[in-house]
Structure formats: structure tokens, C-alpha cells
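Whatever order the structure lists ligands and atoms in, that order sets their numbers, starting from 1. Reckoned from all heavy atoms, side chains included, excluding hydrogens, waters and symmetry mates. This one's a predicted model, so the numbers in the text were calculated from it and none came from an experiment.
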Amino acid sequence: MTAPDGGPREGGEGAPFRIALLGHGTVGAAFEELLPERADVIAGDLGQRPEIAGVLTRSRGDFDDLLGRSDLVVELIGGTDPALDYVLRAMQAGKHVVTANKQLLSQHGEELYAAAAEHGVQLRFEAAVAGVVPVIRVIAETLAAAHIDRVHGIVNGTTNFILSAMARSGSSYEEALAEAKELGYAEADPTEDVTGKDAAAKMAIIARLAFGAPVHLDDVPHEGIEHLTGEDIAYAEELGLSLKLIGSAERQQDGIAVRVFPAFLYRDHPLASVEGAFNAVTIESSAFTEITLSGPGAGGPQTATAVLGDVVSVMAPPPVGPPAPVNLSLVSDIESAFYLHLEVADRPGVLAQVAEILGLQGASIGSVVQKGIGDDARLVMVMHPVLESKFRAAVDLIERLDFVRSPPRVIRVIEEVF
Ligand SMILES: NC(=O)c1ccc[n+]([C@@H]2O[C@H](COP(=O)([O-])OP(=O)(O)OC[C@H]3O[C@@H](n4cnc5c(N)ncnc54)[C@H](OP(=O)(O)O)[C@@H]3O)[C@@H](O)[C@H]2O)c1
């Protein structure tokens, strides 16, 4: 945004571009504060000055009145009810919509994309995935012509904060969660975050844009982090691995697989060094190897910046919608490497028997760490890639062996090194 002399453009007047602001919480209030700070520069560049036409909360404002006085609706209420109704009515009235609402997009995306196309308006949602990190724009616009093979992401800051804290201080899951709550990185009820559901919603949105296939939140299997222990992380350190909650959307021979799961990454993986509440997304294609985007995935001012970026894009098109839907089946049983943690009786032949059962299912051991604990031993191993169903079948058999002292723990390992 520069003037012909290279300096920033300031003080443009321009006609008002009126924004209905639905929701005035963490992000809504930050947006209202940010807008006047940036309005001069935007008006100088675009000849139109964005301004808030009015605010709607449960106790303030009337939706129909506000809609009639606005050019664009910014939806920052969250959830699906009444956000879905408001967003659809706005588009039916010919108004553009900007939203940060992942629940809405991951559960009603097709209806919303269709409504935007039918009514010739833009629907923008950069802030719905990874806050201010421009994942949506890059996939939907910059890489619109690329054949994307896979998207891997750390798309939930709360869980990344917890896992980073466990790795940094050796604290338990419960201690790290308490610290996250104290510092404002986790909500009082963190269920959606720690079960992986929040990340699943974001991966459904990403998969729709990257592969064109409609993916509903309910189509995305998700595993959370509640069952992880400080011990898993300590062993991983010895094996040169770091533990992350990964959202993954990838092409398979017969379709696409979209999932959320905790995974160990080798330290050279671009996502391995992403710490604390940061988000990061790696986009892979044979055309360009990989692109990794990272930055703050939440926070009022940060998210409001992404929302305002979308508003500016609407004011100065070009519009790019999601690709037309295609029929791709969702594949659930795919190959991956695994970490396997076993507590066993410390006697001869145990490792050989475990290896034999794994071998019969086609699973071979890549590396192993063994430690004695009194009369028992811990066997921690990383397997070479194997079809998940075969590996799980082997683990079921191993669990039944008389020398196995507690349920085996299994975590996927992402093997690629860039
Ligand atoms: N917070 C973040 O860091 C962040 C990051 C990325 C994306 N997002 C997304 O941004 C959106 C807003 O999040 P937030 O954290 O700002 O939420 P929030 O702090 O809970 O604010 C929600 C706002 O919506 C209003 N609201 C709730 N129900 C309403 C209803 N039935 N009718 C009208 N207004 C209603 C609330 O007003 P009253 O309670 O006063 O009525 C409040 O002003 C969500 O979709 C969220 O997923 C947030």
C-alpha cells in the first residue's frame, strides 16, 4: 500500500464502505479497534473508506436493520446457530460475508459456497484456519493451479502449547493443561481443542479447498492428546522425535484421507520446530516440494488482522471461489510408521516374539530402545511404514501375550525428512 512517491498513502476520504459487525467478543472487539487505525490507508488505496455500520450481539442491535445499512457482513459470533441463518440471509440480500467461523464452514460449507455463487457475493474465511497465517488464501488463490498432494498442519495452538510445555519441562498432561488455562491459551472447557475436534474442523475446510472434495467435519476421524504422557515425550527425545497434534489431508490412490492425530516428527521436519501456541501448515506438491506457513493461530488482534485482510480483498476483488465439487472417496486405512511402547516382563525371548508377530503382519522394526524397570522392561520401538489395519491387528495379538504388563501405546510417526 504505497503512494507513487513510495510512502504510505494517508488521509484518503472516499465513499463509505459499510460493515455490519456480528459479534463483539475477543475478535469482534479487536476488529472494531483495528478498523479505524487502518481505514485511512485503505481509503487512500481503494477510494472507499471502511467503517462499522453497527454491531450486533445478543443484547445489542437488530439484524435486519443492520443488514439494510451495510455493504458487507463480518460474522464473529461463532458456532452455527444463529450464525448460519445470519450469513445465509446476508448473502441472499446480496451482501458479501467475511467470517472466522470454522464450525460454520466445516459443517455447512457446501450450502454456503452454493449460496455465495447463486447470489454473486464473496464469502471469505481466512481467519477460520490458523488465525492470521494465510493458509486459505495460499491454497485457494496462490496455489489454485497447483496439484497439491498433501497438507499437514499444526492447526490448534492450545494443544501445541500443551505438548511444547510437556516437552520443555517434563510436566504431565494435566499440569501443562493447567498452565495453558492460566496463561489464557486454553479455555475453561478445552474439550474441542484437546480431543482434536477443533483441528478436524479446520482440516475439513483445508481439504475442501486443496482437493475440491466436499469434506464434512463428521468425515474427519480425530484423536486428541489427553492420553499422552510425559513418558512418551521423554522416550521420543531419545529417538530424536518431537510430538505434535497433526491435521493431515492427503491424496491416496483411491481418494483422499483427512485425519487428526498425535504424531512424532523427526526433528528435521518443518513442523517439528513449531513451538507454543503457534500454528503452521505444510503444503506439499511434486511441483514445488513443500511450502510451510507459520505464525500466531489465535488471539483477538491477530485474528482481526486476517478478518480485515478479507474485507480489503472484498473491496478490491478479484474473487476466487472454491473449485467445483468432485467425487473422491475417503480412505481410512493407509500406511504409516508407528511408535510402539510396551511394558513387558524382563525375560529372554520377549523382543523376538514381539518382532515375530509384527513381522507376520508385515511390520518391521526401524529402531528400538529397551530399559529395565525392576522385574519388568520397557520396549519402545519405531516401526517402518505399514498398513494401519495390519499393525493394529499385530498390536491386538501382542496385547494378549502373558508377558505384556499394560495396554500397548501406539502413536503414528511422520517419517519424511526435508
Ligand atoms: N478468539 C480467537 O483467538 C479466535 C481465533 C480464530 C478464530 N476465531 C473465531 O472467531 C469467532 C469469534 O470468536 P471470539 O473468540 O471472538 O468469540 P467470543 O469472544 O465468545 O465472542 C462472541 C460474540 O458473539 C456474540 N454472540 C453470541 N451469541 C450471539 C447471538 N445469538 N446473537 C448475537 N450475538 C451473539 C457475543 O455477544 P454477547 O455474549 O454479548 O451476546 C460475543 O460478542 C469464532 O467463530 C471463533 O471460532 C476466534
Side-chain angles (χ1 to χ4, degrees), residues 19-35 52-67 70 73-90 97-109 112 123-137 153-161 180-181 183-193 197-206 217 247 276-281 293-311:
I19 298 167
L21 178 57
L22 314 187
H24 198 257
T26 306
V27 185
F31 180 79
E32 193 185 32
E33 203 176 317
L34 176 66
L35 187 64
I52 305 283
V55 175
L56 180 85
T57 66
R58 274 176 290 211
S59 56
R60 187 176 159 193
D62 174 79
F63 178 71
D64 290 312
D65 165 61
L66 196 50
L67 193 61
S70 307
V73 169
V74 167
E75 185 278 307
L76 297 171
I77 295 174
T80 56
D81 181 24
L84 176 64
D85 179 55
Y86 286 155
V87 166
L88 285 173
R89 279 161 65 190
V97 172
V98 171
T99 177
N101 192 330
K102 66 214 152 221
Q103 293 96 339
L104 198 57
L105 269 300
S106 64
Q107 294 176 55
H108 300 280
L112 293 167
L123 171 66
R124 288 192 169 259
F125 46 90
E126 183 63 68
V129 177
V132 69
V133 187
V135 175
I136 298 298
R137 195 175 300 258
I154 295 172
V155 290
N156 182 274
T158 305
T159 45
N160 205 52
F161 179 88
K181 283 187 182 173
L183 296 174
Y185 291 118
E187 294 183 20
D189 178 4
T191 311
E192 296 241 332
D193 295 317
K197 189 173 176 192
D198 172 271
K202 292 164 180 169
M203 293 315 298
I205 298 170
I206 286 179
L217 171 62
F278 262 43
N279 282 194
V281 172
L293 302 156
S294 74
Q302 296 86 341
T303 309
T305 302
V307 172
L308 185 53
D310 274 351
V311 171

Using atom types as modelled and distance alone, determine if a side-chain donor or acceptor of Thr57 lies under 3.5 Å from a backbone N or O of Arg60. yes

Contact check, side chains of Leu84 and Leu112, non-hydrogen atoms, under 4.5 Å: yes

Give a yes or no on this: more than 12 heavy atoms of other residues, nucleotides or ligands lie within 6.0 Å of atom NZ of Lys197. no

Does the Asn160 side chain pair with the main chain of Gly276, one donor and one acceptor, at a distance under 3.5 Å? yes

Can you list every protein residue that has a heavy atom under 4.0 Å from any atom of ligand 1, sorted by chain and residue number? Gly23, His24, Gly25, Thr26, Val27, Thr57, Arg58, Leu76, Ile77, Gly78, Pro82, Ala100, Asn101, Lys102, Ala127, Ala298, Gly299, Thr303

Can you find a heavy atom in the side chain of Met203 that is under 4.5 Å from one in the side chain of Ile206? yes

Do other residues, nucleotides or ligands put more than 12 heavy atoms under 6.0 Å from the CZ atom of Phe161? yes

